[in-house]
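Written below as structure tokens is the structure these notes are about.
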Amino acid sequence: MKTKKMTLKTLAEKAWVKFWENSKSPASHLSNCKKVLATLGKGRDIRKISTEDIEKACSTWLSEGSSEKTCNRRLASLSRMLTWAEQRGWIERRPFIERFKETGGRLRWQTDEEEAEMVRLLEAAGHSHFAALVTFLAETGMRRGEALGLTWDNVDFDQGWIRLWETKGGKARSIPMTVKSHSILRELAVIHAGPFLSIKPSSFTDAWNAAKKKMGLAGDAGFIPHCLRHGFATRLVQAGVSIVTVKELLGHAKLETTLIYAHLAPANLADAMAVFERSRNG
């Protein structure tokens, strides 16, 4: 039986209502769907989506700085949609979708020297706005998308807080401003709608990669803008901040996500072993 044309946008809308609209984390699923649509094309005929198209989409996401884990989440959403489309007879057969093998390797975060050099190179290249964004991300631990979508309604200068009402995890959160983040926002307060709304993600990524190459880190797959968020969390944990507090600052939906940083607090482990030693030896 010959199938009729259906666009990826239409399939996504149907799948949203069926699978994700009333799920526990709708914001996360919505973000994944939007990225899939933006990359593959809203008007794409779902019968003509090939494995090669999907692999090209993954290459695009990786070049933009997305992690393999993030790519897998998007692939999972796409797979769910196309599997359902096959079951309903809207496509004859779902294309093969290969997931990335996620490793539990070393977390990559920026050193103070790398951060300073990235800022210096961006400013030298005439990208002072990008340089400000780098420092802001390092000071707040915000996701790049959260920072780029920030409006002045989210900023409370008097109390020194940044309020995020819509986040990837679907949970609102507040972030206290540091001296640096407060200063950056004050300097950008002349911008009409929000501090970073005018920045195109692709332009920022291109500038980052150009500076990264000059730093001799072109082959370092982990040195991407998201490492600034890792750096924020790592410094908090190493300073003795509780993992629960770090979870709230990062806006993770589950504690398990934040626990990837737990082993970076060796002092806490040493204290625990000291308690154990005392219990053994009186």
Side-chain angles (χ1 to χ4, degrees), residues 3-103 142-150 164 166-171 196-197 199-206 208-209 221-222 224-226 229 251-254 257:
T3 57
K4 295 181 180 180
K5 177 181 178 180
M6 178 186 292
T7 65
L8 185 58
K9 181 177 183 291
T10 299
L11 175 61
E13 290 172 345
K14 291 177 178 291
W16 169 256
V17 173
K18 181 171 180 62
F19 300 116
W20 300 311
E21 186 175 22
N22 297 311
S23 65
K24 292 182 179 179
S25 54
S28 178
H29 293 301
L30 181 60
S31 175
N32 290 332
C33 285
K34 284 183 175 180
K35 195 62 180 179
V36 168
L37 289 173
T39 308
L40 288 174
K42 295 180 181 180
R44 176 69 68 89
D45 185 339
I46 62 172
R47 299 170 301 175
K48 298 180 180 180
I49 296 175
S50 66
T51 297
E52 183 180 2
D53 293 329
I54 297 169
E55 290 175 346
K56 286 181 179 178
C58 289
S59 296
T60 297
W61 297 333
L62 291 173
S63 68
E64 292 173 346
S66 298
S67 68
E68 292 181 347
K69 183 177 181 180
T70 296
C71 290
N72 278 346
R73 288 173 179 168
R74 294 167 185 166
L75 291 174
S77 295
L78 179 60
S79 177
R80 185 77 176 269
M81 287 190 284
L82 293 177
T83 297
W84 185 48
E86 181 182 349
Q87 293 169 346
R88 293 296 300 270
W90 297 329
I91 58 176
E92 292 183 3
R93 186 176 181 182
R94 190 204 75 166
F96 173 70
I97 300 177
E98 184 177 8
R99 309 287 179 87
F100 289 97
K101 182 178 180 181
E102 298 177 20
T103 61
M142 289 173 62
R143 299 177 179 90
R144 180 173 61 172
E146 292 172 341
L148 293 181
L150 195 65
L164 299 176
E166 294 183 13
T167 68
K168 181 179 178 181
K171 180 182 178 182
F196 305 109
L197 284 175
I199 293 179
K200 293 182 178 180
S202 59
S203 298
F204 176 65
T205 298
D206 290 343
W208 173 284
N209 288 336
I224 58 177
H226 196 74
R229 181 168 161 86
H252 286 156
K254 298 179 180 179
T257 307

Taking all atoms of both residues into account, what is the closest heavy-atom pair of Leu150 and Met142, and its distance? CD1-CE, 4.2 Å
Over all atoms of both residues, closest heavy-atom pair of Ile54 and Pro95: CD1-CG, 3.9 Å
Whether the side chain of Ser79 engages the backbone of Leu75 through a donor-acceptor N/O pair (distance < 3.5 Å, no angle test) should be reported. no
Tell me whether Asn72 contacts the main-chain N or O of Arg99 through its side chain, where contact means a donor paired with an acceptor under 3.5 Å. no
Pair Arg47, Lys5 - check side chain to side chain contact (heavy atoms under 4.5 Å, CB included), show working. CA-CA 7 Å; Arg47 299 170 301 175; Lys5 177 181 178 180; 3.4 Å; yes
So which atom in Thr7 and which in Gly43 form the shortest heavy-atom distance, rounded to 0.1 Å? CG2-O, 3.9 Å
Can you tell if the side chain of Arg74 reaches within under 4.5 Å of the side chain of Thr39, non-hydrogen atoms only? no
For a side chain to side chain contact (heavy atoms under 4.5 Å, CB included) check, start with the C-alpha distance between Ile46 and Met81, then their side-chain angles and the critical distance, and finish with the verdict. CA-CA 10 Å; Ile46 62 172; Met81 287 190 284; over 6 Å; no
His29 versus Phe19: any side-chain heavy-atom pair under 4.5 Å? no
Within-4.5 Å side-chain heavy-atom neighbours: Thr70 and Lys35: no
Heavy atoms, side chains only, cut-off 4.5 Å: are Lys14 and Met6 in contact? yes
Between Ser203 and Asp206, is there a side-chain donor-acceptor contact under 3.5 Å, judged purely by atom types and distance? no
Evaluation steps, side chain to side chain donor-acceptor pair (under 3.5 Å), between Arg143 and Ser31: CA-CA 13 Å; Arg143 299 177 179 90; Ser31 175; over 6 Å; no
Min side-chain heavy-atom separation Asn32-Leu78 under 4.5 Å: no
Pairwise side-chain contact, Trp20 with Leu30, heavy-atom cut-off 4.5 Å (strictly under): no
Between Arg144 and His226, is any pair of side-chain heavy atoms under 4.5 Å apart? no
Considering only heavy atoms from C-beta outward, does the side chain of Leu82 approach that of Leu11 to under 4.5 Å? yes
How far does CH2 of Trp90 sit from OG1 of Thr10, to the nearest 0.5 angstrom? 10.0 Å
Between Thr51 (side chain) and Phe96 (backbone), is there a donor-acceptor pair under 3.5 Å? yes
